[in-house]
2 protein chains.
Amino acid sequence: MTPGSNSTVTDGQLIQPLCAIFRRFIKRQGLKFTPERALILSAVLGKDGIFEAEELLYEMRQAGHRVSKATIYRTLKHLVDARIISEVLIDADRTRYQLSFGRTPKGHLVCVESGKIVEFEDPALTELRDAICQKYGYEPLSFQFTVYGRSPQARQAESIIDDR
Amino acid sequence: MTPGSNSTVTDGQLIQPLCAIFRRFIKRQGLKFTPERALILSAVLGKDGIFEAEELLYEMRQAGHRVSKATIYRTLKHLVDARIISEVLIDADRTRYQLSFGRTPKGHLVCVESGKIVEFEDPALTELRDAICQKYGYEPLSFQFTVYGRSPQARQAESIIDDR
DNA sequence: CTTGCTGCAAAAGTTTTGCACACGT
DNA sequence: ACGTGTGCAAAACTTTTGCAGCAAG
């Protein structure tokens, strides 16, 4: 139950419909809707932003659920297929994920010094995605826009050290 | 429509200046400009588009140069630091690279079925990068825009199989 | 000479897979 | 019952690192 862990009230409203959507998606492929899959989906919905596989595993175990790393990875793959979450590629270290169902796709602004990630929305992103796809005759599915820069704090910190 | 402005012939003209730039960059850090580093830079300049570390290693060995995987990775890192090449993150499988020095930054259109990657230019990309950075007070460094879709060929192939 | 560089092999880290058993449908 | 799913541990991969000898400045 973990009281007080529900920081994202709005996401809570998504649990019911998304469970149904995921279950339908799974069944449509002749696969099975298991407790583990439901549990992982619910853990994903509890995340408010970008998350990682290992992080999900850790938090689920903290919450007393015993799931294996393998099942996490296998289920995340299905959730991506179902277009409920999407991969977020910020660096080559590991894959990150983000809830994407029913949300405007976001761009990401990354500080190369601190690694801090800021999400932002801009209608131009989806417009650009569609324009490019139309130009090449592609069916648009998703996009990823990541901007790398130096945050104000990092610039200030650097200017103190910097003496070249 | 685009003439051979991105061909390897044009890149040939970049070898001299880029060697100088890289050497200066390396020396500025108190590091050493070695034959291996020059060789790797030259192999990179021979690539016409996106490439991978392993691919570079294979081709250099084919060409009769003996370089280690470790040195390839170490040098690619320096080339990224020097802003001569940039990382291209298409999927989580591996890191790809691309010559970026003196070039308009590109976006990538990826077919999710075939994995084919099309590069494209659009001034809106850099404009968007700068607009976002300005909004948050960041110093813009680079960006990555990847659009995932289904190519006309893939859509056609799928429609033949598809009979749900 | 001093300091960094290279190749090799081993290590590290993330993601995948083989297997035996358990469980949805 | 049948066919998937799960957990575990091992495997697979890409990328990094420790080390001993080598080379650039």
Side-chain angles (χ1 to χ4, degrees), chain A residues 19-20 22-44 50-61 64-82 85-97 115, chain B residues 19-20 22-44 50-61 64-82 85-97 115:
Chain A
C19 242
F22 190 39
R23 195 176 54 234
R24 240 179 295 144
F25 174 85
I26 285 289
K27 295 248 182 107
R28 196 185 313 142
Q29 333 244 322
L31 306 180
K32 291 165 184 175
F33 192 72
T34 64
E36 286 83 2
R37 288 177 179 170
L39 226 50
I40 291 169
L41 172 56
S42 134
V44 163
I50 293 172
F51 61 90
E52 302 168 16
E54 209 69 38
E55 179 187 342
L56 213 57
L57 177 67
Y58 177 77
E59 290 178 6
M60 290 185 69
R61 289 199 168 156
H65 304 119
R66 81 182 189 330
V67 268
S68 70
K69 188 177 293 193
T71 297
I72 296 263
Y73 278 107
R74 287 187 276 233
T75 302
L76 285 175
K77 206 157 282 187
H78 285 128
L79 287 169
V80 169
D81 284 350
I85 64 175
S86 58
E87 294 188 345
V88 178
L89 305 171
I90 298 289
D91 57 40
D93 291 352
R94 61 191 141 285
T95 305
R96 293 168 175 84
Y97 301 88
Chain B
C19 244
F22 190 39
R23 195 176 53 236
R24 240 178 297 144
F25 174 84
I26 285 289
K27 296 250 183 102
R28 196 185 313 141
Q29 334 245 321
L31 306 179
K32 291 166 183 175
F33 192 71
T34 63
E36 287 82 2
R37 287 177 179 172
L39 226 50
I40 291 168
L41 172 57
S42 135
V44 163
I50 293 171
F51 62 89
E52 302 168 16
E54 209 70 38
E55 178 188 342
L56 213 57
L57 178 66
Y58 177 77
E59 289 178 7
M60 291 185 68
R61 290 199 168 155
H65 304 118
R66 82 180 188 335
V67 269
S68 70
K69 188 176 295 193
T71 298
I72 297 263
Y73 278 107
R74 288 187 275 233
T75 302
L76 285 175
K77 205 156 282 190
H78 285 130
L79 287 169
V80 169
D81 284 350
I85 64 176
S86 57
E87 294 188 345
V88 178
L89 304 172
I90 298 289
D91 58 40
D93 291 353
R94 62 192 137 283
T95 304
R96 295 169 173 82
Y97 300 88

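Computed from a predicted model, the values in this text were never measured in an experiment. Throughout, protein chains are lettered first and strands after them, A, B, ... in sequence-line order, and every chain is numbered starting at 1.
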Separation of [X] atom [atom1] from [N] atom [atom2], in whole Å?
| X | N | atom1 | atom2 | answer |
| --- | --- | --- | --- | --- |
| L57(A) | dG7(D) | CG | P | 10 Å |
| L89(B) | dT15(D) | CG | P | 10 Å |
| Q29(B) | dT3(C) | CD | C1' | 15 Å |
| D91(B) | dC13(D) | CG | C1' | 13 Å |
| R66(A) | dC23(C) | CZ | C1' | 12 Å |
| I72(A) | dC8(D) | CD1 | P | 12 Å |
| I40(B) | dT6(C) | CD1 | C1' | 10 Å |
| R23(B) | dG25(D) | CZ | P | 9 Å |

Among the nucleotides [options], which one has an atom lying closest to any side-chain atom of [X]?
| X | options | result |
| --- | --- | --- |
| S68(A) | dT6(C), dT14(C), dG7(D) | dG7(D) |
| R94(B) | dT25(C), dT14(D), dA24(D) | dT14(D) |
| Y73(B) | dT16(D), dC5(C), dG7(C) | dT16(D) |
| P35(B) | dC8(D), dA24(D), dG25(D) | dA24(D) |
| E36(A) | dT6(C), dG24(C), dG7(D) | dG7(D) |
| T71(A) | dG7(D), dT14(D), dC8(C) | dG7(D) |
| K32(B) | dG5(D), dG7(C), dA23(D) | dA23(D) |

Below 4.0 angstrom from OP1 or OP2 of [N], is there any side-chain N or O of [X]?
| X | N | result |
| --- | --- | --- |
| K77(B) | dT16(D) | yes |
| R37(B) | dT6(C) | yes |
| T95(B) | dT15(D) | yes |

Taking for A70(A) and for G30(A) the nucleotide of DNA chain D with the nearest heavy atom, the one nearer the 5' end belongs to G30(A)
Gap between atom [atom2] of [Y] and atom [atom1] of [X] - 0.5 Å precision:
| X | Y | atom1 | atom2 | answer |
| --- | --- | --- | --- | --- |
| S68(B) | M60(B) | OG | CE | 10.0 Å |
| F33(B) | R24(B) | CZ | CZ | 11.5 Å |
| T75(B) | L39(B) | OG1 | CG | 10.0 Å |
| R23(B) | L41(B) | CZ | CG | 11.0 Å |
| Q29(A) | H78(A) | CD | NE2 | 7.0 Å |

Can you tell if the side chain of L76(A) reaches within under 4.5 Å of the side chain of L56(A), non-hydrogen atoms only? yes
Sugar-phosphate, base or nothing in reach of K69(A), heavy atoms under 4.0 Å: base
Between the base of dG7(D) and the side chain of R74(A), is one N or O donor paired with an acceptor at under 3.5 angstrom? yes
Could you say whether K27(A) or Y97(A) is positioned toward the 5' end of DNA chain C, judged by the nucleotide with the nearest heavy atom to each? Y97(A)
